[in-house]
Amino acid sequence: MARKLSLACVWILAILCYVIPYWVLDDTNAWYGSFLFWTLTGVLVIVFNLIATRGFTEQDQ
């Protein structure tokens, strides 16, 4: 269940990576708005991928 939820969160974050910078932050003339969002989202994607793949080695044994 945690694997499916974390992978769903990764997909939602991937969609938000297009929606937030190009629609919500569209009027922001500085580059750091999108950069900060993409940096934080990248960290969250890494965390969710770790959660999703945590049990792979346990299932192989």
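Starting from 1, each residue takes its place in the sequence as its number.
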Transitive ILVMFWY cluster of Leu36, excluding itself - 4.5 Å side-chain cut-off: Leu40

Co-members of Ile46 in a cluster of I, L, V, M, F, W and Y side chains, linked at under 4.5 Å: Leu50

Residues that Phe35 engages under ring pair (Phe, Tyr, Trp, His ring centres under 6.0 Å), provided they are two or more places apart: Trp31

Verify same cluster id: Tyr22, Val24 (apolar side-chain graph, 4.5 Å): yes

ILVMFWY cluster, Val45 and Ile51 together (side-chain gap under 4.5 Å): yes

Please tabulate, for the side chains in residues 8-21, all donor-acceptor contacts under 3.5 angstrom to protein atoms that are two or more places apart in sequence or on a different chain.
none

